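Scroll down for the structure; my scribbles are underneath it.
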2 protein chains.
Amino acid sequence: MRSPTFSPLYQQIKALLLESLRSGEWRPGEAIPSELDLAARFKVSQGTVRKAIDELSAENLVVRRQGKGTFVATHGERQVRFRFLRLAPDSGEPVLVERQLLDFKRVRAGAEIARALDLKSGDPLVMIKRLLVFGGDPVVLEEVWLPGNLFKGLTPAAVTEHKGALYNLFETQFGTRMVRAEEKLKAVAADAASAGSLAVPAGHPLLAVERVSFTYSDRPVEWRRGLYKTDRHSTGASWGELVPRSNLSLGQRNQCAPAL
Amino acid sequence: MRSPTFSPLYQQIKALLLESLRSGEWRPGEAIPSELDLAARFKVSQGTVRKAIDELSAENLVVRRQGKGTFVATHGERQVRFRFLRLAPDSGEPVLVERQLLDFKRVRAGAEIARALDLKSGDPLVMIKRLLVFGGDPVVLEEVWLPGNLFKGLTPAAVTEHKGALYNLFETQFGTRMVRAEEKLKAVAADAASAGSLAVPAGHPLLAVERVSFTYSDRPVEWRRGLYKTDRHSTGASWGELVPRSNLSLGQRNQCAPAL
DNA sequence: GAGTGGTCTAGACCACTAG
DNA sequence: TAGTGGTCTAGACCACTCC
């Protein structure tokens, strides 16, 4: 017997759940139906639904809470799970972050960003330029580029007034949830303008982080370039072991700064 | 009924398997007993053993091969799984890597490295300093510090003659398998000596990567500091989605350079 | 107590590998 | 053909949350 296109049942269920997430049938923060309900809906056993949800949970698309239900993941809550590159102070405890909006404009896409965001040159874009200040110290200077059509109503005021990560704003106000990201890191010398914003001499070494963020179905919906002053902060990463250790209370080691 | 120390059966099984891995009962590359054998040994059902192995597999400690068995993971094979920070050329295809040993000595631990490796100041250490050259271009200058007691027979010749990643040498010759790592990244200016090795002017921006690697039971066994010339290469990271996608042939997106 | 996710079992069958 | 991992089921029971 040949079955060249064999796909396990639970993967098909997962795809269906993913489609419901993508379409917004269940919104961020809401509970999805119980495992038994879903099993009945799809006419499979609870175990099969369970395995599908296991994978969604491992990918941080949903969050299980024993006794309560399974919820669509959100960027609002304190998130140990969704791990973009994170910044931590070299010494001591984290300080408050302040976000200064430096620029906001709508422009037409150039070739590079168009390609990264799967758009055509000349398509409308939103550009946000801002400075992140930690305890009075300017640490990150970044530009964020978004597809203009997806963020039609986005205004400078909305960005300024919003408390919390941009990703939270994107998902609550525009229904676009970032699900995955790819980053490229380089060390660069500060140019005159960046140096000024970050209060360092021109030529000072900075960490340049290029990030493409994706929503469901691997659709790219954000391009970022950040310049990090790493004199008193480091970006940290942890490899090789998964974060959530189900039960077993072996003290958290992956303490994270909030995603920026 | 209270059960404050509740631990699922499969977690207990996992701990037993972990202990067998740690003790070397099954060596890297070897097959571990079949799921049915293990179920019989531990007097639990196959499903319970399976769930324990699921987690070990998710942590890249073992590798499953349908129809063949489950094998202790290894640093030798082409590894898509074990993902330390990876370096990729900005343009085009990867080139051959050449490793030049610059220094090798046995010294006593200072305070900083002693603390990182959970040793006492004055304990014996091995220090390896080397240069990684990609297609004729020196790109990484790094120092590796190891507990001297764990690597008693390690010689400069062994390092020089070994083909492949150091981690491969460590595991095949010294039975120490790196299982997890934590990294801190900074942008720094090249000092005179480093600049010379990397063929850049002094003050040139470099990416500094500090890494602590751990073996089983979270025991730290390596401290590294690397300086990366990122002019023509980037270090890449990918967040938010798990790598191995079981079946579903949706083209690999996490192409990796070899771990260094 | 009712409902949810979490664990565990026993057994059947499928897909893959190898002798 | 035998042995391995991979899928799926049905059902029982446990742990947690909320009313």
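Quantities reported herein were computed from a predicted structural model and do not represent experimental measurements. Numbers restart at 1 for each chain; the letters A, B, ... are given by sequence-line order, proteins then strands.
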Side chain of B/R64, heavy atoms from C-beta onward: which of D/dG6, D/dC8, C/dA15 has the nearest atom to it? D/dG6
Trace of the salt bridge (Lys or Arg N to Asp or Glu O under 4.0 Å) decision for B/E171 with B/R27: CA-CA 9 Å; B/E171 105 183 357; B/R27 315 218 35 128; over 6 Å; no
A/I32 CD1 - C/dT4 P separation (whole Å): 12 Å
My understanding is that only residues two or more places apart in sequence, or in another chain, count here; which of them pass side-chain hydrogen bond (donor to acceptor under 3.5 Å, both in side chains) with B/E19? B/R22
Candidates C/dG6, C/dC8, D/dT7 - which lies nearest the side chain of B/Y10: C/dC8
Distance check needed: C/dT7 P versus B/F6 CZ, whole Å only. 7 Å
Atom of B/Q12, atom of B/S7 and distance for their closest heavy-atom approach: NE2-O, 2.9 Å
Which heavy atom of A/H75 sits nearest a heavy atom of A/M178, and at what distance? NE2-O, 2.9 Å
Just the rounded figure in Å: distance from P of D/dG5 to NZ of B/K51. 19 Å
Dot-bracket encoding of pairs in DNA chain C, which uses [ ] for pseudoknotted crossings and | for another strand, Watson-Crick or G-U under 3.5 angstrom: ||||||||||||||||||.
Restricting both atoms to N or O, compile the protein contacts to nucleotides 17-19 of chain C shorter than 3.5 Å, with distance only.
residue, atom, partner, partner atom, Å
C/dA18, OP1, B/K68, NZ, 3.2

DNA chain C-proximal residues of residues 33-48 of chain A, any heavy atom under 4.0 Å: A/S34, A/E35
Considering residues at least two apart in sequence or located in another chain, which fulfil the side chain to side chain contact (heavy atoms under 4.5 Å, CB included) criterion with A/R219? A/L150, A/T215
Once you round it to whole Å, what is the distance between C1' of D/dT7 and CD of A/Q11? 11 Å
For B/F174, which residues count as a ring pair (Phe, Tyr, Trp, His ring centres under 6.0 Å) partner, sequence neighbours excluded? B/F151
Should B/R50 be listed as having a side-chain N or O under 4.0 Å from OP1 or OP2 of D/dG5? no
